[in-house]
Structure formats: structure tokens, C-alpha cells
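Below you'll find the structure, written out as C-alpha cells, and then a few comments.
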Amino acid sequence: QDLFPRLVAAARRQRVRSRTFTAGIALVSAAAAVAVALILPGLLPGPAQHPVAELTLSQVVPSALSADVELVAHDWGTSVDMTCRYAGDYRAPDVAAVTYGLYVTDSSGDTTQLATWTALPGRTVTASGTTSLTIDEIRTVDVRALGTGTVLLAGSP
């Protein structure tokens, strides 16, 4: 008769120890997870941040064109992304498509063609190109009529 109460007490102590151990492990695991979540992001490299210059090109010669340009710096140079709008109605009589070019001129005066496209009035064109120049080395970005070489739009970063 003495044995049963002692067995029950021993079983109860074992359950308490087991629950305490399990709760301790869960608490340590949760603390480790919080620590990793707080510390690890600071150790991992994040996405590369690329400096960006945005500009609206100004009319050099009156035309139906307008354009916005985004220059994005990279380790290897600069990407140039342009949205060019051509006002007017492409369905109008005697409307002819015109071919344009996107150019950059560096600080020493050298010019590089980055893209060409053909546009009609009433249309929007996106053109992109790249250059080994840094944003700081780009003096101007311009749009030219390829047939004449006339600079229609220009801007500086």
C-alpha cells in the first residue's frame, strides 16, 4: 500500500521535469529564432542600390516630340531608358514615319548613339541603351532626327 502513492509522486515529478525541460527548449529555440531574425539581415548583402538621374528633355528645335529619360548607374556604366511621345494624329493625311536616334555626349564632347526607332504622330516609344560612361561623365542626352542629324530634344543630368 505504501508503494502506490510513492509511484504516483515519482510519476508526477517526472512529468513536471519533462514539461519544464520541454518549455525550456521551446523558450531557447524562440530566443534563437528572434536573434537570427534580428542579426542575419544585417550580415547579408541587400539588393544593390543604383543611383538614378531622371530628366525631361527640352526642345532644341520646335517639334512634336517630348521625352523623359532615366539614367541608372551600374558597376559597368549607365543604362539609359527613355520614353518619347510624338504628338499628333497618325491617321492624318500625308503623315510619314520619322526615324530618330538617342545619343549621349560625354564631358570631352564625344557622342555615342545608343538607340534608333521609327515613330508616327500620336505614338509613344520606349527606347533603351547602355554606355560605359558613368552618369557624371555624361554631359548631355539628346534625340536627333536621323535623316538630318538635327538635335530635337536635349537634357543634362
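Everything quoted here is computed from the prediction, not taken from an experiment.
- Interatomic distance, Thr131 OG1 to Ile138 CD1, rounded to the nearest 0.5 Å: 6.0 Å.
- Listed for the Gln59 side chain is a donor-acceptor partner under 3.5 Å among the backbone atoms of Leu65.
- No donor-acceptor pair under 3.5 Å is formed between the side chain of Ser18 and the backbone N or O of Gln14.
- At least one side-chain heavy atom of Asp68 sits less than 4.5 Å from a side-chain heavy atom of Arg85.
- Donor-acceptor pairing under 3.5 Å is recorded for the side chains of Ser108 and Asp106.
- No option in Leu152, Val151, Thr150 other than Thr150 meets the side-chain contact (heavy atoms from CB on, under 4.5 Å) test with Thr148.
- Going from atom CZ of Arg144 over to atom OG1 of Thr116 covers 13.5 Å, rounded to the nearest 0.5 Å.
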Under the side chain to side chain contact (heavy atoms under 4.5 Å, CB included) rule, what do Asp142 and Leu57 come out as? Steps first, then yes or no, please. CA-CA 7 Å; Asp142 60 73; Leu57 301 185; 5.9 Å; no
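- Counting heavy atoms from C-beta outward, Asp81 and Thr126 have side chains that stay 4.5 Å or more apart.
- Going from atom CG of Leu153 over to atom SG of Cys84 covers 6.0 Å, rounded to the nearest 0.5 Å.
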Met82/Trp117 under side chain to side chain contact (heavy atoms under 4.5 Å, CB included): CA gap, chis, key distance, verdict: CA-CA 12 Å; Met82 181 201 62; Trp117 67 97; 3.3 Å; yes
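- Linking ILVMFWY side-chain heavy atoms closer than 4.5 Å, directly or via other members, places Leu146 and Val60 in two distinct hydrophobic clusters.
- Here the CG atom belonging to Leu27 is positioned 12.0 Å from the OG1 atom belonging to Thr20, to the nearest 0.5 angstrom.
- Listed here is the closest heavy atom pair of Ala127 and Ala115: CB-CB, 4.2 Å.
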If you apply the rule side chain to side chain contact (heavy atoms under 4.5 Å, CB included), what do you find for Val80 with Val69, and how did you get there? CA-CA 7 Å; Val80 181; Val69 175; 3.7 Å; yes
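- Side-chain heavy atoms closer than 4.5 Å link hydrophobic residues (I, L, V, M, F, W, Y) into clusters, and following such links, even through other members, never connects Val72 to Ile135.
- Side-chain heavy atoms closer than 4.5 Å link hydrophobic residues (I, L, V, M, F, W, Y) into clusters, and following such links, possibly through other members, connects Tyr86 to Val125.
- In terms of heavy-atom proximity, Pro121 sits nearest to Ala87 at CB-O, 3.5 Å.
- One side chain, Thr105 or Thr111, offers a donor N or O that lies under 3.5 Å from an acceptor on the other.
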Step-by-step side chain to side chain contact (heavy atoms under 4.5 Å, CB included) determination, Leu55 to Leu71: CA-CA 8 Å; Leu55 53 134; Leu71 304 172; 3.9 Å; yes
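- The line from OG1 of Thr134 to CH2 of Trp76 is 12.0 Å long, rounded to the nearest 0.5 Å.
- Hydrophobic clustering, with ILVMFWY side chains joined whenever heavy atoms are under 4.5 angstrom apart, keeps Val52 apart from Val141.
- Side-chain atoms of Thr99 and Thr118 include a donor-acceptor pair closer than 3.5 Å.
- Heavy atoms only, all atoms of each residue included: Ser107 and Arg139 are closest at O-NH1, 3.8 Å.
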